[in-house]
Structure formats: C-alpha cells, structure tokens
Amino acid sequence: CTAADNAQWVDNLVMQADALLRLQPVDVALALNGQQYLGTASFTFNAPSIISLVLPNLGPAAGSTQLSVFGSNLGGGAAYEYGCRFGSFALGWIVVPATLSLHATHIRCDSPSLAAGSSVAMDVELHVTSNDQQYWPAPLAYTYYAQPYVNALAPTAGPTEGSTLLKLYGTGLHGGQRGQRYCRVGGAGGPTPASFDAEHGALLCFAPMASAASQGQLELALNSYHFTPVGTFDYYEPPLPLTRSPSSGYSNGTLVLINGSGLWHAGARCRFGDALVNASYVADETVSCIAPPADQAGASATVSLDFAEPWRVSLLPAAVELRGEASVRQLALHLTDFDPRSIGPARHGVAGSLVLALPQPALPTRHFRLGFRLRMGRGTGADGFSVSYGDVPSDAIGELGVGNGLRICWRTHVHQSLEVWHAGALLHVSDAQAVNASLRSSEFVPVLVQHSSAGLHVSHAGHVFVSGLHIGLVPQRGWRFALGARTGTDSDDHHIADVLLEAGSAFHPEDVPLEISLNGQDFSTSGLHFTYLN
C-alpha cells in the first residue's frame, strides 16, 4: 500500500447511527434532595420494534381471529405490557392484550370485534407495543371482512370418495382474498380451496375424501386460518347398482327395478342417459325408477326437413346449416343448379352443402337412418354428390365428402359409381351399370342410407348399392351429417327434398347408461345400460 500507484481512494463516505440495536438495561435511582440517591432499580432501553408481517392479514368483523405479528426487536417488555392496537386516528383505537412467543420471533393477539357490527368490512392499521404506552409509527394493514353467513348448502351429502362440488349460498361469502378461501368438513382430510362464483352468488369448493360414512361439521375460512362453522355435511358409501329389471323397454314409461347396495338416500335419482328421474324406495337394496322418454334420455332423435315455402335461413333449426351455393327454392334445397351458359373448360366449380347435427345424444350416434329425395341430372354430368357422417369442417362440401368418419360418394363425372369410405380407406365400390341403374335423373328419386347392427345399407332409386357392409364405425361426440355436391367443367342439378334423419331408437334399439345418484351430482359407475326399443 506504500506505492503511489497502489493507493485506494474513498469518496462520499456517509456513516449514520441508528437507534439502539440491542437491549440496554440501566440503573435508576431516586433523589429527594438532588444529592442523595435512594435505592436502585433497573430500566431497559429496547431497540425499536419493527413489525413486517401479520398472519393472517384479514379476518371477520366479528373478531377473535388469532394473529401472529412478525418482526425484529420484539423482546424486552414485561409480559403484561404487550398489546396490539387496531383502528386509526379517524376511527379511534381498540387495544387488546398480546403475548410474546417463546423465542421472541413474533407477538400473538386476537383481533377485536368491530364496534360498527359484524356485517361491516373495512381496512384498519395494526400497531404493537411492548410497554403498554409507545406504539411504533410504522403499522401494518389489517382488513376486516363482513362475517360470512351460509343460508343454504347444495348438496347436503356426498360419497366418501369425495370430490362433491359444494355450493354455499348466503351473505358475506365474497369476502377475503382469492387464494385464501377454504372449506373444511369435520375430520375428513385437510381444507380444500374455495372460489366465489359472482354470477350465481355462491362459494364453491370440493368435499374431501372421508374414511367412512359419517356426518361432519362444514366450516368456512376466508383468510386461510379462521374457520367458522356454517352447517353439516353427510358422507355416505357410494351406491353400487348391480342389476336392473327389465333391461329394456319402449319410450312409454317403463318401471325399472334396480338392485344393489347403498342405493337409497333422501333425494336419490336415476340417470337414464342424459335424463334424471326420481327414485323410489322399494326395499333395503332395491329402488325403482320410471324410464323417461327416449328422446329425453338421448336415445332417440329425429330431424325432418321438407323445405316448404315460405323459407328463410333464419327459420332453419339451430342444428341445420347451409353452406356454399346451397339455397332453398321451389320446395327443394338446391345444392347446385344446371347452368347451360357456363359449361366448358373455363367453368369454375361450385359446391353447396347441408350440415345436420342431431340433438346431443347420450352416446355418439351409431345407428341411424337417413332418407331423402334426390334430383341429380338435367345437365351434362357434374362431379357428383356425397353423404358424410363424421368431423365436419367449416368449408363447403363436394362429391368427395368430408371428415375421417363415413363418406358415401356418388361419382358422376366420367363413370357412374358409388364409393364407401371409412377412416380414410376405400371399403366398397359399386358400378351403376352393374345393377342396371343410373345415378343421374331429371326427376326426384328416393335415397336411403342407414347403419345398424346389420351393417351399412345404401339404396338409390330403388336399387341397392350396399347391403350388410360392416365398416367398424366408431362415432365420436360432435360428429355431424353432411350432404354435399359439386360441379366443375360440367354442371347438373343437385336438388334435395323431404329429408328425414332418424337416430337411435327412432329406428333401432339403442342403449343408454343407467346409473344412480344419491345427491343429484355424484353418480355410480356400474356400467349398467338400459335399452330403448324401437
């Protein structure tokens, strides 16, 4: 360091002295004459208490929330001199006693109740003192929320396996903060997170698992800590239906007896596919339910379109959609029209299509019958027509069909043939001449496409092109039906009339799942089915 080039320069050095950082006891003596001091006592100077965190930082206006205030330099006071102060200079102060933790890491106190009442929410300041006199000027924020009250709970019971969605209705349930709302049911596991549904004014949480059937006290906390009893919740063993009799019936209110274990509780219901019906007690292990109509259960559906005048797109059912050149005129759906003025190499192809969606079935539609009248001709021979059942994109659909499901293609551009495609593979080809038939006609002819346990059947103008073809159809939810046509360098009429689509038990026996619920929400998973007959 003696070398000049090794010198170290320090500039702008500032040193500040803070208040005492440790306890400092001093002697105190009393003099009555200014000279002789009588006796001695001890007085301790404490370092400034600094509070940095309070847990929880909010609680109900009714008070009694146990708080822990963390910070530094909290020790040094007498046990009876610790306190917490809530309020503000404008609102006034409420002081409650406090205690110091064993290792002086935090101070404990209970929040007082608000003088304004338990239905009031407000923010206040929180101070602490270690000598019952001096409150350090840097407070923490503490929030009071209105005391929550629950007027209704739905459902009031659930299976021991848990996960029942509880809906709590009442007042003050929106209080607290997101991430700090919890439900707790007796001793059935720990708290589960809750969220407030502002649209319906309900607090939502899931019931935890329970080890056995029991009744537990339902408690609610809006601050993660302070749990308030709001009602009771009953646990039951999950129902286990084993048999049903009869196993099938028509859509006329069949009385079905269900046998198993744990099938009865007040409010028990049966679910046939998409429909819920009330259950009735028969015996300890038997309940009865009346099967709802097949269409309500999602086992049957029918869509009928006759294109009668007057017709507007706005009159179409929500499950029907026209695309491309498709329009309704002269009591028929015109997918494309023959136009003798636009034939030749310069002709740009046009396409039109009709998309049909059945009312949501209980299971994806496997069995269906689609009938309509088709006029495909009067021109020079266009590209053709198609019927599709599968995933239908938003574009117009031509003679090749669409999707990765079932596609039936009427090819009329060069040779007249009918093709069956499934899952992207060509399964069948029928030449129209082989059955002494023509796919093109200037008149309407009947067309039938149906799929059942007997396989796929397709007929056109009374000629059977496909019969008993098993294609391994595995439909998916959301699949739709589509009829499409396209013209290219040549054009034809592609007109449709009298569309009738029948699915499920409207023409073929159809199974729907049959399960039991004791609370209208949690259902058994037995795998039982009920068959609707046609």
Side-chain angles (χ1 to χ4, degrees), residues 301-339 349-358 368-379 381-390 392 395-403 406-413 416 418-419 432 437-451 457-463 465-466 480-488 490-503:
T302 301
V303 175
S304 178
L305 301 173
D306 60 7
F307 304 108
E309 300 285 3
W311 182 277
R312 299 192 307 273
V313 174
S314 60
L315 296 178
L316 285 171
V320 180
E321 180 184 351
L322 300 183
R323 296 182 182 176
E325 299 294 313
S327 62
V328 176
R329 289 177 280 117
Q330 302 169 342
L331 301 179
L333 171 62
H334 293 222
L335 300 179
T336 71
D337 289 314
F338 168 60
D339 185 356
V350 296
S353 52
L354 166 70
V355 178
L356 301 173
L358 287 169
F368 61 86
R369 177 168 56 199
L370 173 61
F372 53 91
R373 294 191 300 127
L374 171 65
R375 177 163 62 197
M376 181 166 55
R378 206 174 66 86
D383 293 69
F385 170 79
S386 68
V387 171
S388 304
Y389 174 48
V392 179
D395 298 331
I397 301 160
E399 80 286 0
L400 299 180
V402 71
L406 171 64
R407 294 184 288 127
I408 305 169
C409 307
W410 282 251
R411 309 295 293 273
T412 59
H413 179 54
Q416 295 188 34
L418 186 143
E419 301 172 352
S438 174
L439 298 181
R440 300 179 63 245
S441 172
S442 59
E443 303 295 330
F444 280 99
V445 298
V447 175
L448 179 64
V449 176
Q450 72 178 38
H451 182 266
H457 174 93
V458 182
S459 64
H460 176 104
H463 299 279
F465 284 79
V466 182
R480 292 181 290 174
F481 294 84
L483 284 67
R486 189 173 70 90
T487 64
D490 295 299
S491 75
D492 257 339
D493 285 338
H494 294 97
H495 298 170
I496 303 293
D498 300 330
V499 176
L500 178 60
L501 174 59
E502 301 167 291

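Bear in mind the structure is a predicted one, so any value in this text is a computation, not a measurement.
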Tell me every residue that passes ring-ring contact (aromatic ring centres under 6.0 Å, His included) with Phe465, counting only those two or more places apart in sequence or in another chain. none

For the pair Arg407 (side chain) and Gly401 (backbone), establish whether a donor and an acceptor sit closer than 3.5 Å, ignoring hydrogens and angles. no

With sequence neighbours excluded, residues passing side chain to side chain donor-acceptor pair (under 3.5 Å) with Gln450: none

Which pair of heavy atoms, one from Ala396 and one from Gly324, lies closest together, and at what distance? CB-CA, 4.1 Å

Do Phe481 and Val499 come within less than 4.5 Å of each other through their side chains, counting heavy atoms only? no

Does Arg378 offer a backbone N or O that forms a donor-acceptor pair with the side chain of Ser442 under 3.5 Å? no

Out of curiosity, Ser386 OG to His494 NE2, how far, rounded to the nearest 0.5 Å? 9.5 Å

Sequence neighbours left out, what passes salt bridge (Lys or Arg N to Asp or Glu O under 4.0 Å) with Glu419? Give chain and number order. Arg411

Checking Val445 now: which residues fulfil side chain to side chain contact (heavy atoms under 4.5 Å, CB included) with it, not counting sequence neighbours? Ser441, His460, Ala461

Heavy-atom check, side chain of Met376 versus side chain of Thr412, under 4.5 Å: yes

Would Asp395 and Val402 satisfy side-chain contact (heavy atoms from CB on, under 4.5 Å), going step by step from the backbone distance to the final call? CA-CA 9 Å; Asp395 298 331; Val402 71; over 6 Å; no

Quick one: side chain to side chain donor-acceptor pair (under 3.5 Å) partners of Arg323, sequence neighbours excluded? Glu321

Residues that His495 engages under ring-ring contact (aromatic ring centres under 6.0 Å, His included), provided they are two or more places apart: His334

Strictly by salt bridge (charged side-chain N to carboxylate O under 4.0 Å, His left out), give each pair with a member in residues 438-450 just once, sequence neighbours left out. Arg440-Asp492

Side chains of Val387 and Val458: closer than 4.5 Å at any heavy-atom pair? no

Leu500: which residues meet the side chain to side chain contact (heavy atoms under 4.5 Å, CB included) condition with it, sequence neighbours left out? Thr302, Ser304, Glu502

Kindly indicate whether the side chain of Val320, heavy atoms from C-beta on, has any atom under 4.5 Å from the side chain of Val355. no

So, Thr336 side chain and Ala351 main chain: donor-acceptor pair closer than 3.5 Å or not? no

Please report the C-alpha distance between Phe307 and Leu331 in whole Å, then the side-chain angles of each, then the deciding distance to 0.1 Å, and finally whether the side-chain contact (heavy atoms from CB on, under 4.5 Å) criterion is met. CA-CA 5 Å; Phe307 304 108; Leu331 301 179; 5.8 Å; no

A side-chain contact here means heavy atoms from C-beta on lying under 4.5 Å apart; do Val392 and Ile397 qualify? yes

I need the minimum non-hydrogen distance between Phe444 and Ala497, along with the two atoms involved. CE2-CB, 3.9 Å

Is there side-chain contact between Phe368 and Val449, with at least one heavy-atom pair below 4.5 Å? yes

Roughly how far apart are Leu356 CG and Leu305 CG, rounded to 0.5 Å? 6.0 Å

Distance (rounded to the nearest 0.5 Å) between Leu358 CG and Leu501 CG: 4.5 Å

Which residues pass the salt bridge (Lys or Arg N to Asp or Glu O under 4.0 Å) test with Arg486, not counting sequence neighbours? Asp383, Glu399

Decide yes or no for Leu483 and Leu370: does some side-chain heavy atom of the first lie under 4.5 Å from some side-chain heavy atom of the second? yes

Write down the atom of Ser491, the atom of Phe338, and the distance for their closest heavy-atom approach. OG-CD1, 3.1 Å

Close side-chain approach of Glu325 and Thr487, heavy atoms under 4.5 Å: no

Partners of His463 by side chain to side chain donor-acceptor pair (under 3.5 Å), sequence neighbours excluded? none

Of all the heavy-atom pairs spanning Arg369 and Leu448, show the shortest one and how long it is. CG-CD1, 3.5 Å

Taken in chain and number order and not counting sequence neighbours, the residues that satisfy ring-ring contact (aromatic ring centres under 6.0 Å, His included) with Phe372 are Phe385

Could you tell me which residues satisfy side chain to side chain donor-acceptor pair (under 3.5 Å) with Asp498, sequence neighbours excluded, listed by chain and number? Arg373

